[in-house]
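Not measured: the values here are computed from a predicted model. Counting convention: from 1, in listed order, for ligands and their atoms alike.
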Amino acid sequence: ESDQARDRGLAYYRADQDSYSADRLTMVAELREALAQNELALYLQPKLSLTSRRVVGAEALIRWPGRDKPVPADQIISVAERTGLIKPLTRWVLETALTLRTRLVEAGHDLALSVNVSPNNLREPDFPVFVQRLMTAHPEHRNRLILEVTETSMMLDPANSLRALRALASAGIPVAIDDFGSGYSSLSYIKQLPATEVKVDRSLVTDLRSQPEDRVIVQTTINMCHDLGYQVVAEGVEDQATLELLSRMDCDMIQGYVLVPPRPIDAFVEWLDAPERARQA
Ligand code: C2E
Ligand code: MG
Ligand code: MG
Ligand code: MG
C-alpha cells in the first residue's frame, strides 16, 4: 500500500506486509493491557487567546510510558485504529478529559478542554449518543469540551462525518477542524461543517517568519475562516516573534512550545499559577 493510502487511513492491516508485525502485535497486546490497567495518561497543553493574552483552553494529548520507552501519540493512535481499540480508547480519553476539567475548575481555571477524535469514532453509530449521555451526566462541561477532528480524516467519509458532527454540535459539543492545511480538504465541504474553530497545521506555522509563502497561506486562511464564522488557532508556535506576527495577522489563539510543551495536570496547573505568568499577562 502507498504511504498516501496509509495516511488517508485507507490501509488495512496485512501482517505479511508489515516488517514490524511481531513488534506491532506485541504493542497491540500491551496497549490493550495498558488501557485496562489505566496506564495511559492525558497531558495538557495550553491555548492562549491573542486578544486577551490569557489561557482560554487546553488540549488533552495521550501519553503512554510503554514497556521500555514512551510510545509517540501518533503511533498509539494508529495501532488503536487498526485494531478496533480506538473505540474504548477514545471513550477513556473523553471520560478522563472530563475528570481533568473538573480538577481544573476546582483549581480555579474554568478552561475549555479539547480532545482529539479519530475518524473511526465518527463512524461508530452510537458515538454521538455516547457523547450526549456523557454531557447529560455532566452538564457542567456542556460547550466546554471541544472535539478535534482532522480535515483529512473527515474527507475519508464526508457524509457520515458531517452527520456525526451535526449530531454532536446540536448536543452542545463544539467541533474543531484540526491540522488544517496539511492534507486533503475541500473548501465546499469545510463551509458546511458545524465547527467553531479551525486549527492551522504546525507545518504552516513553525517557520512563518522565514517563509513568505506560508504567510500568504496562513493570512488567507485566517481571513477565510473569519468570514465563515470560525475562530482560528495556530498550532506549533515555537517563539515569541511568531506569536506576535500571528497576533498582527489577526489570528485568534495559539498553541505551541513558546508557551509550554504538554504536561501532566499537576505540572500544568503549577504552570498556570506561576507568578511569572501573572506578570506576563
Ligand atoms: P495534534 O492534535 O495536531 O496535536 C498537536 C501535536 O503537536 C502534539 O503532538 C503536540 O505535542 C505537538 N506540539 C505542540 N506544540 C508544538 C510545537 O510548538 N512544536 C512542535 N514541534 N510540536 C508541538 P503529540 O502529542 O505527539 O500528538 C500527535 C498527534 O496524535 C495529535 O496531533 C493527534 O492527532 C494525535 N493524538 C494525540 N492524542 C490523541 C488522543 O487522545 N486521541 C486521538 N484520536 N488522537 C490523539
Ligand atoms: Mg489536536
Ligand atoms: Mg493538529
Ligand atoms: Mg496532528
Participant: Distance under 4.0 Å to a non-hydrogen atom of Pro262: what atoms of ligand 1 satisfy this?
Facilitator: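 This gives 11 (O) as the contact atoms.
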
Participant: Under 3.5 Å between any N/O of Ile86 and any N/O of ligand 1: does that happen in this structure?
Facilitator: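 By distance alone, the answer is no.
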
Participant: Would you say Thr150 reaches the Mg ion (ligand 2) with an N/O/S atom under 2.8 Å?
Facilitator: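 It does not; every qualifying atom lies at 2.8 Å or beyond.
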
Participant: Mind checking whether the Mg ion (ligand 2) has an N, O or S of Glu235 under 2.8 Å?
Facilitator: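 No, Glu235 does not qualify, because none of its backbone or side-chain N, O or S atoms lies under 2.8 Å.
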
Participant: At under 4.0 Å between heavy atoms, which part of Arg202 makes contact with ligand 1: side chain, backbone, both or neither?
Facilitator: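 Under 4.0 Å from ligand 1, Arg202 contributes side-chain atoms alone.
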
Participant: Looking only at distance, does Glu59 have an N or O less than 3.5 Å from an N or O of ligand 1?
Facilitator: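 Between Glu59 and ligand 1, an N or O pair is found under 3.5 Å apart.
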
Participant: Given OD1 of Asp178 on one side and OD1 of Asp179 on the other, what angle do they make at the Mg ion (ligand 3), to 10°?
Facilitator: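 Rounding to the nearest 10 degrees gives 90°.
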
Participant: Taking the basic N atoms (NZ, or NE/NH1/NH2) and the acidic carboxylate oxygens, is any pair closer than 4.0 Å for Asp207 and Arg202?
Facilitator: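 Looking at Asp207 and Arg202, the cut-off is not met.
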
Participant: On the 0 to 90° scale, with breaks at 30° and 60°, tag the His138-His141 ring pair as parallel, tilted or perpendicular.
Facilitator: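 Aromatic pair His138/His141 classed tilted.
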
Participant: Looking at the Mg ion (ligand 2), which N/O/S atom of Glu148 is the nearest one?
Facilitator: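 That would be atom OE1.
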
Participant: So for ligand 1, is Asp178 a polar contact partner (N or O within less than 3.5 Å, distance only)?
Facilitator: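 Among all N and O atoms of Asp178, at least one is under 3.5 Å from an N or O of ligand 1.
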
Participant: Would you say ligand 1 has an N or O under 3.5 Å from any N or O of Gln45?
Facilitator: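 Right, the criterion is met.
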
Participant: Look at ligand 1 and say whether Lys199 reaches it with a heavy atom at a distance under 4.0 Å.
Facilitator: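 Outside the 4.0 Å threshold, so no.
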
Participant: Could you tell me if any non-hydrogen atom of Arg63 lies under 4.0 Å from any atom of ligand 1?
Facilitator: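 It does; at least one heavy atom falls under 4.0 Å.
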
Participant: Mark the output for Glu235 as yes if a heavy-atom distance to ligand 1 is under 4.0 Å, and as no if none is.
Facilitator: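 Yes; Glu235 lies near enough to ligand 1 that a heavy-atom distance drops under 4.0 Å.
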
Participant: Any chance you could lay out the salt bridge (charged side-chain N to carboxylate O under 4.0 Å, His left out) test for Glu148 and Lys199, step after step, and finish with the verdict?
Facilitator: CA-CA 9 Å; Glu148 297 193 357; Lys199 301 187 77 172; 2.6 Å; yes

Participant: From the options Glu213, Arg215, Arg209, select the one residue that forms a side-chain contact (heavy atoms from CB on, under 4.5 Å) with Gln211.
Facilitator: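 Result for side-chain contact (heavy atoms from CB on, under 4.5 Å) with Gln211: Glu213.
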
Participant: Which part of Val93 is near ligand 1, with near meaning a heavy atom under 4.0 Å away: side chain, backbone, both or neither?
Facilitator: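 For Val93, only side-chain atoms sit under 4.0 Å from ligand 1.
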
Participant: Which of the numbered atoms in ligand 1 are under 4.0 angstrom from any heavy atom belonging to Gly236?
Facilitator: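 Per the distance check, 16 (C), 17 (C), 18 (O).
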
Participant: How long is the gap from CG on Leu122 to CG on Leu168, to the nearest 0.5 Å?
Facilitator: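 Interatomic distance, Leu122 CG to Leu168 CG, rounded to 0.5 Å: 7.0 Å.
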
Participant: Search all heavy atoms of Gln45 against all heavy atoms of Phe268 and return the closest pair with its distance.
Facilitator: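 So the minimum-distance heavy-atom pair works out to C-CE1, 4.1 Å.
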
Participant: Please list, in number order, the atoms of ligand 1 under 4.0 Å from a heavy atom of Glu238.
Facilitator: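 Near Glu238, meaning under 4.0 Å from one of its heavy atoms, ligand 1 has 17 (C), 18 (O), 19 (N), 20 (C), 21 (N).
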
Participant: Between Leu61, Leu94, Asp74, Asp201, which one has a non-hydrogen atom sitting closest to atom 28 (C) of ligand 1?
Facilitator: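 Among Leu61, Leu94, Asp74, Asp201, the closest heavy atom to atom 28 (C) of ligand 1 comes from Asp74.
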
Participant: Does atom CZ of Arg133 have more than 12 heavy-atom neighbours, drawn from other residues, nucleotides or ligands, at distances under 6.0 Å?
Facilitator: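 Result for CZ/Arg133: open.
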
Participant: What are the two closest non-hydrogen atoms of Tyr43 and Pro262, and how far apart are they?
Facilitator: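 Closest pair (atom of Tyr43, atom of Pro262, distance): CD2-O, 3.5 Å.
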
Participant: Among the N/O/S atoms of Glu59, select the one at the shortest distance from the Mg ion (ligand 2) and name it.
Facilitator: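 The Mg ion (ligand 2) is closest to the Glu59 atom OE2, counting only N, O or S.
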
Participant: CG/Leu48 to CG/Leu246 distance, rounded to the nearest 0.5 angstrom?
Facilitator: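 The CG atom of Leu48 sits 11.0 Å away from the CG atom of Leu246.
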
Participant: Between the side chains of Glu124 and Arg91, is the shortest nitrogen-to-carboxylate-oxygen separation below 4.0 Å, so that they form an ion pair?
Facilitator: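 Salt bridge present between Arg91 and Glu124.
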
Participant: Under 4.0 Å from a heavy atom of Ser118: give me the atoms of ligand 1 that qualify, with their elements.
Facilitator: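 Those qualifying, in numeric order: 44 (N).
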
Participant: Is there a heavy atom of Pro72 sitting under 4.0 angstrom from any atom of ligand 1?
Facilitator: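 Checking ligand 1 against Pro72, which is what was asked, there is no heavy-atom contact under 4.0 Å.
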
Participant: When you look at CD of Gln192, are more than 12 heavy atoms from neighbouring residues, nucleotides or ligands closer to it than 6.0 Å?
Facilitator: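 Atom CD in Gln192 is packed in, count exceeds 12.
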
Participant: Any Lys/Arg nitrogen of Asp126 or Lys87 sitting under 4.0 Å from an Asp/Glu carboxylate oxygen of the other?
Facilitator: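 Looking at Lys87 together with Asp126, the answer is yes, because their closest N to O distance falls below 4.0 Å.
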
Participant: Indicate the atoms forming the closest heavy-atom contact of Pro174 with Thr196, along with that distance.
Facilitator: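 Between these two residues, the closest heavy atoms are CB-OG1, 3.7 Å.
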
Participant: Heavy atoms only: which of Ile77, Ile76, Asp179 is nearest to atom 45 (N) of ligand 1?
Facilitator: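 Checking each option, the heavy atom nearest atom 45 (N) of ligand 1 is found in Ile77.
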
